[in-house]
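So you know, we letter chains A, B, ... as the sequences are listed, proteins then strands, and number each from 1. Any value given below was found using the heavy atoms of this structure, including those in side chains, with hydrogens, waters and symmetry copies removed.
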Amino acid sequence: MTRSHEVQEITEISYSDLLVKAKELAEGGYRAVQICATSKDGKTEMLYSFDKDFKMINYRVNVPSEMRVSSITGFFWSAFIFENEVHDLFGIEFTDLVLDYKGNFFKLSSKTPWKTEAKKEVQ
Amino acid sequence: MGSFKIGGIVLSSAFKRPSTRLYPTVPRKWQDNTRGHVEIDPEQCILCGICSKKCPADALTVDKAARTWTIDRMSCVQCRSCVESCPKQCLVMKNEYTSPNVKKVIDTVNIPEKVKKEE
Amino acid sequence: MNVLYLVSMIGYIVLAPIFGLVLAGLDRKVSARMQRRVGPPVVQPYYDVRKLMEKDQVTVNKVQDFYVFCFLLFIVITGCIFFAGGDLLLVVFTLTLANVFLVLAAYSSNSPYSQVGAERELYQMMAYEPMVLLTMIGFYLAVGSFNVSDILNGDKMPIVTMVGIFVGFLFILTIKFRKSPFDLSMSHHAHQDIVKGVTTEFSGRTLAYVEIAHWYENIMLLGIVFLFFCNGTWWGYVIGVVVAAVSFFLETFIDNSFARMKWQVALKSSWVVSILFGLINVALLIWVF
Amino acid sequence: MGKRTIVPFGPQHPALPEPIHLDLELEDEKVIRAVPSIGYVHRGLEKLVEQNDYQIMCYVMERVCGICSFGHSWGYAAAVEGLMDIEVPERAEHLRTIFHELSRIHSHLLWLGLLADAMGFESLFMHCWRLRESILDIFEKSTGGRVILSFTKIGGQFKDIPKESLAEIVIILENMRKELLVVTNVFLDDTSVKNRMCGVGKLSKEDIMKLGAIGPTARGSGVNNDARCLDLGKYKELGFKPILETDGDCYARCKVRVREIFQSIDIIIKDVENIPEGPVNIPVKGMPPMGDFIARIEQPRGEAFYYVKGNGTKYLDRARVRTPTNANIPILVKVLQGCYLNDVTMMVMTIDPCISCTER
Amino acid sequence: MSYSTKSPWIIHYDGSSCNGCDIEVLACLTPMYDLERFGIVNTGNPKHADILLITGSINEQNRDVVKQIYEQMPEPKVVVAIGICATSGGVFKKCYNILGGVDKVIPVDIYVPGCAARPEAIIDGVVKALRILEEKSKALHNKGGKVQ
Amino acid sequence: MYSVFFLLLFPALMAVLLLLVKNDKLRGVIVISGAIVIMAASVYVALEFLKDGTTYFNFESEMLDWFMLAVELILCAAVIYLGMKYKKYLASILSLVQAVFLVWFEITYAHEINVLNNLYIDQFSIIMILIIGVIGSLICIYSLGYMRDFQEHHVSEKDRRPWFFFLMFIFLSAMFGIVTSNNLMWFFFFWEVTTLCSFALIGFTKTEEAVKNSFKQIILNLVGGIALILAIIVLGTQYDVMEFDVLLRMDSNAMYVMLAVGLFSIAGITKAALMPFHSWLLGAMVAPTPTSALLHSSTMVKAGVFLILKLSPMYGNNVVGYMVMCIGGLTFLLASMAAISQSNAKRVLAYSTIANLGLIAACGAVGTYEALWAGMMILIFHAVTKSMLFLCVGTAEHHIGSRDIEDMDGLFSRMPKLSALMIIGISGMFLAPFGMLISKWAAMISFVNSENLVLITCICFGSAVTIFYWGKWLGKMVAVVANSKDVEESVHKEEWVVLGLLATLVIAICFSFPFISSEILSPYLLSVFGQPVNPIFATFGIAYVCVLLGMLALLVVVPIPFFNKTKKKVRNNYMCGVNNGDNQSYSGSMGMSVNVSMRNWYMEDWFGEDRINKIGLVLTTAIIIVAFVLILGGVTS
Ligand code: NFV
Ligand code: SF4
Ligand code: SF4
Ligand code: SF4
């Protein structure tokens, strides 16, 4: 019997810390692994993962209610791909996005399909 | 210069037998495990509907009232989920695949009532 | 012009497509075998062309057909001049004309792929043209005439003093046959970054014309290979035919043994070959032989 | 002369195996600007967690991609197993490792074939794919599917692979190795192939680090982020060492993959020797608890990231997969700038985007 | 006998598939299955093609692409939907961005089921498609250019 | 004899008249009638003297000589003045040097030399007269409409059209003079007049660039002028010779003869804009298009190759022969390469002109009758075709607002008639049944026969390169772009007439080249080389001529059943399945609609202008230096 998972290290940080941390990590030579959004009960939470030499750091951030998040593409250019995706699927606006597809990243049959629960709340 | 490395393979291949399986002329032999299509043993089925719930592709419909078990052959992804989950083990995965067709095939199997009564 | 040449001209018009298609079919068959496949029947090119003729005729503009038709027409004329024992330089020039028509047809569609294809086609013409001209000059220097008929009946075998030119000619034959290291502008089989290059926008009958033109062209080019071995005797002719056939399959082999090179290589290498084999051979012909 | 040729590249394009779109702005044949666009494959299958329970979701997850499907089912299963704190039987873990490496071989061979096709080397393409068929035969024999295996479930594997079959796999691989040596040698040594790849699409170590590229792309530039160095699977026990090349051009990336094929063969053979007897799955009971879990796995194209979030019901809150290609798109954009049109396919191939993975 | 069936050229488009069927289609062209035995060439260019092989389902973004490729193919032409995704959407049926099978946008002549569709099934499908191609070709020539 | 004088004087008279006329309508009448008269006169002269072969005129007048000297000195003074004014001191210095040589020679030697015949006319002159008379006059007519547009585009400026037409007609006069002078001093006079006219024409617009380029022209051509006067001095002082016909009979292997021929060649090379002196011709492109047409196709530069072809019997396997051959051949090859990297239509034409002049010069330098035949043929075809192309580009420029080939996308849809003419012109430059190719073919054969490896290389590679740059231009034009507007209505009638006539001429000359060959060239070659041959039939055989003409006929006939008659359904282009419903745009990345745009290849890295020019400059200068060192060292063959 084995249990061979890496150590789970997920820290919850406040939104205001996001850019500070991102800067720190960028300077420390980390790479952006992914950005994952999850929406639940009208709230959206984002999981940012960074990695350096197989050490992964994950930050959980709750998205402010106006659904605007500042982009980390200033530090991690490659994150544009995740942020554009999140923008199209979850309807979160990113400010200062370096390569902004302006909602044309995916062509979807319904706008921001993952945002459903937020809609529910509005109803 | 390390040129021309494939010459040998190409030339020798030209004189070897092609490795083609001449499929339509020579029928294919299936492996035991090959997942082709799902078949039901109507005698065993208790119309419990678990298989249909466990089907990721919504290919199965179990109609208790009409006593039918229906499979949409053009939706089934041969995942064996239903086979695994059937409590009566009445589903089997057969080797042969559903043959291509001009229309979408839906197979409905009537589940004989008496069998169940007998149990 | 004597009757014999008229006959061979008509013979060319009638027989070239047949030989051409069989060769094309064999090419595909042999390629397939080299790839451990069964491959299509030998007459597959014929089926292809018939099918294209049968298809609904569609085009992208109204003038394309004209250019493609001219391409075919002038390829046939080129072959006729060649097989009627005509002047080799005239053959080259007519061939150029024909090819320019193909390029124009591609340009006329104004599609990005055809355009890049046409550009590459022109580029390839620039690459192989010097060697073609040097070949013809070589014949002239070796045999003393540009006329195919004179070369045919000459008493020495041109290849004896033209080995370098022969090698150079085989090299550019790869480009002309559109075979692998240099199938830049359009490729018969392999997939390409510019879809189907010059033929991207051709369909139906137009495409069939291009195919047929290639059959004619290939036979004509093999005719030039044949010419290297003529010495007016029957065994010279036999050697010529055999070598022509062998070189065709050599090209098939090369096709299957090389990746498509970068486009830059085509010009550089063929010019280097033209100078190294063609020009030096010509120089030798002038000063030594 | 302000004009440029604009070539739409994809989604339907014979030299592109997958629906991606690029606007290429050319001068002569030089690419001045390349803007990618994806979305032709986006299905949104992650959202199916709301309708499929966490077990069935495994079938969906492996259909993220037909090339690396085994890895996807493993990665997803691993994440769920972690979340539910399930211990997988030793033998299952070994089997997973073996099959994962098999699918790496198949994926790399497929890739080599497509690479050959992209450079117009038809016969090489054919030979690569011919060899690949023997791996598919192994798959079909042992799992019943050629590309979609449906072999993994939460808690282990569906069935055991008997000893004889494993031995047979070893024999097949040993036979294949001989032919492989000849065929891969073409990629490494043939002049015309090298002409297309050497010095083309250079990526420096810094580029890779900055853009977070992963997989063989990164390893071709000497950056090790091979997730096989992590704990998942039996790699550590098998003494796994990542393969690194330093040149950073197309050739280096190709070489990494070629060497990985042989490495995978070695790993499999070693693993077959070491595989313990025992059950291959354990019954899974209960529901995924509240909480979330991350698993990472090295797919043929690089590290894949799986994230699951449970809520105590049989439906998960979120299942997320960040596939290798997703992280490699930025580097693709970068490398396309300033290359030549005929190199575009080379670049695209050697970075090897798998769009169906990327877009889920 | 129409020559279309002797030299059916294909174009293959990969819709929102998982690549499984996509690579199986390619595998059909490779030595093990060798579709070229039937004169089939993978042209990759709708203008040259007779048979459209589609793998994968239709989503919002590729809908127009599929339609356009289909329109650019000259008559007679047939469409073969390969794999469950292309026939009905398969496991992705319920996805928000999936419209369904290929028949949602263009008429499909042959459905080839399987996930992934086996090369044998694809060959069967193509062989069946040839018969339809033949009929269409006849219709084209009898009715003076009008099919359907 | 009087007809020749008429030709020399009439255009000059017209010029003076035009200088005085300010009214546009009146000018039109004068130009057209004058041009027609000139055309008629040149045809008349041609017919008159064709039968007679070479004819000399002994026309002597002390007065005239002094008049010429005076004019020359005035011109020199003008150049010196302008050079000072624009701070181009080099021009002033060169002009001064020239004047000094000239005056010194006039005073010390010239008057003691007895000149038997000042003027002459032979078949070659007839050809030149026809070219100048017909094409030159047509260009003058064309200029009417063109300059009207030009003036409209430059309303703010003073109307200097009288000056323009003055220069044009003077130019014609001087050109007639060049091709009919037997007296070398006369030749020199006319030569200088053309240089100065062209100087003024290039600088016509007075923009900074124009001024710069006009000085570039005058400096380079003054070098040629000095070489010319030096050559005359050498001949005069060493042999007391000042006549062409005497020169041609001398033994070119004598050192001073060779030196003189070498200097003549330099003069010819500068005027014909061969490397290393080619840059002035490119600079001349700033001038109004008719000027370019006049300078590059039919006249000015033709004077240069005329001189070289004229001296053909002096060349051959000797040092000057090799010098000119190498320079000609290299110019052909390198200029053709440089043309690839150009997108400005006029520059492409300019490079192509340079290339062809190089080829003509090389033909002349081979010194065999075949080569000379080829050279003269190229000269004829080139004059007709190139002038037409220049004029076409001029017209296109005024209607599409650009002379960039990239903007000629689908010109065929926008200006169908003009494009048809342009296509004829371009095809005429490099494709099979047309004249240029026939002459190139002959050139090739003659090069092979002369066993000159450098020339064989240059022509083989050069022709290949030529195909590329013409081909891509042709391609640009034939592209069919849907929905484009027809902008052809506003083309002036004069322009159509001239263009149409030229196009007819292009085709007519192709059909009549057997005639030209046997009736004009053969007698000339016979008189020069003393060989009773008719090269065209010797090298080709009548059958091929038939084949070529047949092909030409085919090209006329085949289009008829095709145009606008296809029954095929028209479908959109293939664009990976993302067109926006037409061929104009497709939906690209980031949700943008991307317009389709196409650009030709220029291969800047390989054939970039600077690179090629540098190579050309170094090579050709080296050749000239080596050649002169050899000549002065006494090595002549
Ligand atoms: N990207 C990707 Fe995959 C792989 N390897 C992965 O997770 O292929 Ni479709
Ligand atoms: S097949 Fe099995 S699972 Fe399905 S209804 Fe019948 S008994 Fe139940
Ligand atoms: S095999 Fe899978 S898809 Fe097919 S019916 Fe069973 S559960 Fe459904
Ligand atoms: S049918 Fe299955 S294998 Fe084929 S594309 Fe769809 S999910 Fe993939």
Side-chain angles (χ1 to χ4, degrees), chain D residues 10-19 21 37-48 50-52 56 59-69 72 106-107 110 113-114 117 123 125-134 136-137 140 145-148 150 354-357 359-360, chain E residues 11-34 36 42-46 48-49 52 54-66 68-69 72 83-85 89-99 114-120:
Chain D
Q12 194 280 322
H13 193 294
L16 270 183
E18 302 212 17
H21 173 89
S37 129
I38 56 174
Y40 294 94
V41 195
H42 183 69
R43 292 153 285 184
L45 61 81
E46 286 168 355
K47 208 156 192 299
L48 288 179
E50 290 163 12
Q51 289 160 60
N52 294 325
I56 302 181
Y59 298 112
V60 176
M61 279 311 242
E62 72 180 342
R63 281 169 175 80
V64 166
C65 178
I67 301 172
C68 43
S69 82
H72 284 299
H106 122 79
S107 172
L110 172 141
L114 290 176
D117 194 41
S123 56
F125 162 65
M126 293 291 179
H127 284 288
C128 288
W129 280 54
R130 180 170 59 82
L131 291 175
R132 176 177 161 267
E133 288 288 329
S134 24
L136 296 188
D137 285 345
E140 171 144 25
R146 282 164 51 89
V147 287
I148 301 283
S150 298
C354 175
I355 304 304
S356 67
C357 273
E359 303 185 2
R360 309 171 302 281
Chain E
I11 175 172
H12 164 218
Y13 182 69
D14 179 26
S16 300
S17 84
C18 78
N19 273 354
C21 292
D22 177 47
I23 54 176
E24 290 293 54
V25 169
L26 269 182
C28 283
L29 299 164
T30 56
M32 276 304 168
Y33 296 97
D34 189 29
E36 206 184 346
N42 183 9
T43 62
N45 177 352
H48 297 185
L52 174 56
I54 299 199
T55 56
S57 38
I58 300 299
N59 78 0
E60 189 63 24
Q61 196 164 345
N62 66 26
R63 185 172 64 179
D64 296 337
V65 178
V66 170
Q68 214 167 81
I69 293 173
Q72 287 190 344
I84 292 299
C85 282
V91 279
F92 310 126
K93 230 184 304 192
K94 293 169 285 184
C95 290
Y96 56 85
N97 207 29
I98 293 293
L99 304 177
C115 179
R118 283 165 190 288
E120 287 85 3

The interface call for D:L48 against chain E, heavy-atom contacts under 4.5 Å, is side chain
Student check: side-chain heavy atoms of D:R43 and E:C85 closer than 4.5 Å: no
Look up atom CG in D:L136 and atom CD in E:E24, then write down how far apart they are to the nearest 0.5 Å. 6.5 Å
Go through the atoms of D:Y59 and report whether side chain, backbone, both or neither lie under 4.5 Å from a heavy atom of chain E. neither
Would you please name every residue forming a ring pair (Phe, Tyr, Trp, His ring centres under 6.0 Å) with D:H21, sequence neighbours left out? F:Y586
When you compare the side chain of D:L45 with that of E:C18, does any pair of heavy atoms fall below 4.5 Å? no
If one checks every heavy atom of E:V91 against chain D at 4.5 Å, the contacting part turns out to be both
Side chain to side chain, D:H106 and E:I23, heavy atoms closer than 4.5 Å: yes
With a 4.5 Å cut-off on side-chain heavy atoms, are D:Y40 and E:D14 touching? no
Heavy-atom pairs under 4.5 Å with chain D - which of E:L26, E:D34, E:V66 has more of them than the others? E:L26
Between D:I56 and chain E, with a heavy-atom cut-off of 4.5 Å, which part of the residue counts as in contact: side chain, backbone, both or neither? neither
Only pairs of heavy atoms separated by less than 4.5 Å count here; which of E:T30, E:I11, E:I98, E:T43 has the most with chain D? E:T30
Measure distances from D:E62 to the heavy atoms of chain E and classify the residue's part below 4.5 Å as side chain, backbone, both or neither. neither
Between E:Y96 and D:H42, does the ring centre distance come in under 6.0 Å? yes
Among the listed options D:L110, D:N52, D:V41, D:V64, the residue most often paired with chain E at heavy-atom distances under 4.5 Å: D:V41
Considering all heavy atoms of both residues, which atom of E:M32 and which atom of D:R130 are nearest to each other, and what is their separation? CE-O, 4.2 Å
Between E:F92 and D:R63 the two heavy atoms that sit nearest each other are CZ-O, 3.3 Å
Within residues 55-63 of chain E, which residues come under 4.5 Å of chain D, heavy atom to heavy atom? E:N59, E:Q61, E:N62
